[in-house]
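Naming convention: chains lettered A, B, ... in sequence-line order (proteins, then strands); numbering from 1 in each chain. What you are looking at is a predicted structure, and each value in this text was computed from that prediction instead of being measured. We use all heavy atoms of the structure for the numbers below, so side chains are in, but hydrogens, waters and symmetry mates are not.
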Protein chains: 2
Amino acid sequence: MSARNRPARENGSERRAELLAIAGELFATRGFLATTVRDIADAAGILSGSLYHHFDSKEAMVDEILREFLDDQRQANAKIIEEAEDPRTALTELIKRSYAALRQHPAAIAIFQNEANYLAQFERFDYLPGVADEFEKTWLKVLQEGQKSGVFREDLNAKLTYRFIRDTVWTTVHWFNPSGKLSIKSIADQYINILCDGIVTR
Amino acid sequence: MSARNRPARENGSERRAELLAIAGELFATRGFLATTVRDIADAAGILSGSLYHHFDSKEAMVDEILREFLDDQRQANAKIIEEAEDPRTALTELIKRSYAALRQHPAAIAIFQNEANYLAQFERFDYLPGVADEFEKTWLKVLQEGQKSGVFREDLNAKLTYRFIRDTVWTTVHWFNPSGKLSIKSIADQYINILCDGIVTR
DNA sequence: GTCTATACTTTGATAGAC
DNA sequence: GTCTATCAAAGTATAGAC
C-alpha cells in the first residue's frame with residue numbers, strides 16, 4: 001500500500017504530524033487533562049471534530065508521542081552502553097544524551113515526566129512502567145560497574161544515586177528555556193562536573 | 001467567637017481537617033484535575049454535595065493545603081538562615097529540612113511540585129510564583145556567600161546549582177516510600193554527601 | 001481534510017430536607 | 001454534618017454533509 005493511499009488514521013501525513021506536534025506542545029505545557037481536544041483544534045485552526053479524522057482519541061495522540069520518544073531514547077542508550085569504553089565515559093555520555101534529548105523531544109519528555117503516572121492506569125499504557133524499569137537497569141549497570149572498577153565511590157547506594165541523577169536531569173525540562181542564556185551543553189557539563197566532583201572546594 | 005460556634009466553613013473542625021487530609025492524599029497521588037469531588041467524597045464515605053458544607057470549592061481545598069505547607073516551610077527556612085553559623089552548615093540544614101518536610105507534608109509537596117504551574121493561572125493562586133521566588137532567593141544567598149567565603153567552588157553557576165539541588169530534593173516525593181528500606185535521613189545524608197564531594201573516587 | 005450538528009458523559013456546584 | 005435531587009457547564013466523541 002502506497003503512502004498516498006494509506007488512510008491518515010493509520011499514520012504519517014504531514015498534516016497529521018503537524019497536529020501531533022501541536023497537541024504535544026499543549027500536553028507538555030498545560031498537562032494532558034488540562035488540555036481539551038477543543039484546545040488542540042483551536043491551536044491548529046480547525047474544529048474539534050476534525051481531529052478525529054486523524055486520530056482515534058486524545059489518548060491515542062499522547063500514546064504516539066510517548067512511543068516515538070521512548071523508542072528513540074532506548075536505542076540511543078543501547079548504543080552508548082555498547083560503545084563506551086569505561087563506566088565513567090558511559091555515565092557522562094548517558095547524561096549528555098539525556099540532556100540532548102531535551103532539545104529534540106522537549107514535549108515528549110515533559111509529558112513522560114508529568115503524566116506517565118496518570119496514564120499508566122489505562123491498559124493502553126501498560127508499557128510505561130516497563131520502559132522506566134529498563135532505563136533504570138541501564139543506568140544502574142553503569143554505576144555498579146564503575147563501583148567495581150573503582151572509579152565511583154563504593155560507599156554510595158547505586159539505586160539512590162541513579163534516582164538523584166535521573167531526577168536532576170529530566171526535571172530540567174520544567175525550567176529549561178531554549179532561548180535563554182544557558183545552552184543545553186553548558187547545563188550538561190556543569191551537572192556532570194558537580195556530580196563527579198561535588199560543589200565543595202578542596 | 002468560640003471554636004464551638006464558629007462555622008465549619010471558616011476553619012478547623014476535626015472532620016474538616018480529616019476531609020482535607022483525604023483530599024490532599026488524592027490530589028497528590030492522582031493529580032488535582034484527575035481527582036473529582038466525588039472521588040474525595042467517596043474516600044471520605046459521604047456524598048459529594050456534603051463536601052460543600054465544609055469547603056467553598058475544590059480549589060479552596062487545594063489552596064488551604066498549599067498555604068499551610070508553604071507558610072511552614074518559609075518559617076523553617078528563615079530560622080535556618082538566621083541560626084546557621086556558616087554557608088556550608090546553612091546549605092546542609094536547608095537540605096535536611098527539605099527532606100524532613102517530605103515526611104511532614106508529603107501530599108502538599110507533591111501537589112506543589114505537580115500542580116503549581118497549572119494552579120498559577122487562577123487569581124486565587126497568585127501567591128505561588130512569589131513563594132517559589134522567595135525560596136530561590138534564600139538558597140541562592142547561601143550558595144553565593146559560600147562561594148565568596150571559599151567553601152563552595154567559584155566556577156559554578158549558583159542559580160544552576162540551586163536548580164539542581166531543588167529538583168533532586170523535591171522530586172524525591174515522587175518515589176519516596178515511607179515504609180521502604182531507605183529512611184529520609186539516610187537519603188538526605190547520601191545526597192548531601194554526593195553534592196558536596198561528588199561520586200568519583202580520588 | 002474540514003465543517004455542522006449533536007449525542008453522551010462527567011464534573012463542579014447548589015438548594016433545601018433531614 | 002449529611003443526604004436527596006438536580007443543574008449548568010464542559011468534555012470526549014460520532015455521523016454525515018461538503
Side-chain angles (χ1 to χ4, degrees), chain A residues 2-24 26-27 30-65 111 115 118-119 121-125, chain B residues 2-24 26-27 30-65 111 115 118-119 121-125:
Chain A
S2 76
R4 191 176 191 78
N5 297 327
R6 197 187 302 136
R9 198 65 158 268
E10 255 177 40
N11 66 64
S13 77
E14 254 180 61
R15 182 56 169 155
R16 194 187 139 88
E18 218 175 316
L19 294 172
L20 207 55
I22 291 169
L26 290 172
F27 292 157
R30 300 189 193 172
F32 179 70
L33 282 170
T35 302
T36 71
V37 292
R38 284 181 181 86
D39 288 336
I40 302 169
D42 280 355
I46 59 177
L47 291 181
S48 66
S50 306
L51 280 177
Y52 291 87
H53 172 71
H54 302 276
F55 306 96
D56 285 330
S57 67
K58 194 174 123 175
E59 271 183 27
M61 301 184 85
V62 78
D63 189 13
E64 209 173 315
I65 294 169
I111 296 167
E115 323 284 358
Y118 167 73
L119 293 174
Q121 80 187 279
F122 305 109
E123 272 188 53
R124 159 168 232 148
F125 299 95
Chain B
S2 74
R4 190 176 193 77
N5 296 328
R6 196 188 304 137
R9 197 67 159 264
E10 257 177 38
N11 67 63
S13 77
E14 253 180 62
R15 180 57 169 156
R16 194 186 137 90
E18 217 174 318
L19 294 172
L20 208 55
I22 291 168
L26 290 172
F27 292 156
R30 299 189 194 171
F32 179 69
L33 282 170
T35 303
T36 72
V37 292
R38 284 178 181 83
D39 289 336
I40 302 169
D42 281 356
I46 59 178
L47 291 181
S48 67
S50 307
L51 280 176
Y52 291 86
H53 172 72
H54 302 276
F55 306 96
D56 284 330
S57 67
K58 193 174 126 177
E59 272 183 25
M61 300 184 86
V62 76
D63 189 15
E64 209 172 315
I65 293 169
I111 296 167
E115 323 284 358
Y118 167 75
L119 294 173
Q121 79 186 282
F122 306 107
E123 272 188 54
R124 159 169 232 146
F125 299 95

TODO: List the steps and the verdict of side chain to side chain contact (heavy atoms under 4.5 Å, CB included) for A:Glu115 and A:Val62.
DONE: CA-CA 10 Å; A:Glu115 323 284 358; A:Val62 78; 5.9 Å; no
Task: Stepwise side chain to side chain contact (heavy atoms under 4.5 Å, CB included) check, B:Thr35 with B:Met61 - done: CA-CA 12 Å; B:Thr35 303; B:Met61 300 184 86; over 6 Å; no
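- Considering only side-chain N and O atoms, B:Ser13 lies under 4.0 angstrom from the phosphate OP1 or OP2 of D:dG1.
- To the nearest angstrom, P of C:dG1 lies 11 Å from CD of A:Glu18.
- Regarding B:Ile40, its CD1 atom lies at a distance of 17 Å from the C1' atom of D:dG1, rounded to whole Å.
- The distance between atom CZ of B:Phe32 and atom C1' of C:dT11, rounded to the nearest whole Å, is 12 Å.
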Open item on the list: Walk me through whether B:Leu19 and B:Ile40 qualify under side chain to side chain contact (heavy atoms under 4.5 Å, CB included).
Closed with: CA-CA 8 Å; B:Leu19 294 172; B:Ile40 302 169; 5.7 Å; no
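- Under the side-chain contact (heavy atoms from CB on, under 4.5 Å) test applied with B:Phe27, the options B:Asp39, B:Ile22, B:Ile111 reduce to a single match, B:Ile111.
- Donor-acceptor pairing under 3.5 Å, judged by distance alone, is present between the side chain of A:Arg38 and the base of D:dT12.
- Nearest-nucleotide assignment on DNA chain D puts the 5′-proximal partner with A:Asp39, out of A:Gly49 and A:Asp39.
- The NZ-P distance, from B:Lys58 to D:dA9, rounds to 19 Å in whole Å.
- One atom, CD1 of B:Ile22, and another, C1' of D:dT2, lie 14 Å apart when rounded to the nearest Å.
- Residue-level contact check: A:Leu47 touches the bases, meaning some heavy atom is under 4.0 Å from a base atom.
- Taking atom CG on A:Leu26 and atom P on D:dT12, their separation rounds to 12 Å, with Å as the unit.
- One can place CZ of B:Phe27 at 9 Å from P of C:dG12, the figure rounded to the nearest angstrom.
- Side-chain N/O atoms of B:Ser50 include one lying less than 4.0 angstrom from OP1 or OP2 on D:dC3.
- For the pair A:His53 and C:dG1, the criterion of a side-chain N or O lying under 4.0 Å from OP1 or OP2 is met.
- When distances run from any side-chain atom of B:Thr36 to the nucleotides C:dT2, C:dT11, C:dA13, the shortest one goes to C:dT11.
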TODO: Evaluate the side chain to side chain contact (heavy atoms under 4.5 Å, CB included) criterion for residues A:Arg15 and A:Ile46: first the C-alpha distance (whole Å), next the side-chain angles of each, then the deciding distance (0.1 Å), finally the verdict.
DONE: CA-CA 12 Å; A:Arg15 182 56 169 155; A:Ile46 59 177; 3.4 Å; yes
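- Here C:dA7 presents its C1' atom at 13 Å from OH of A:Tyr52, a figure rounded to the nearest Å.
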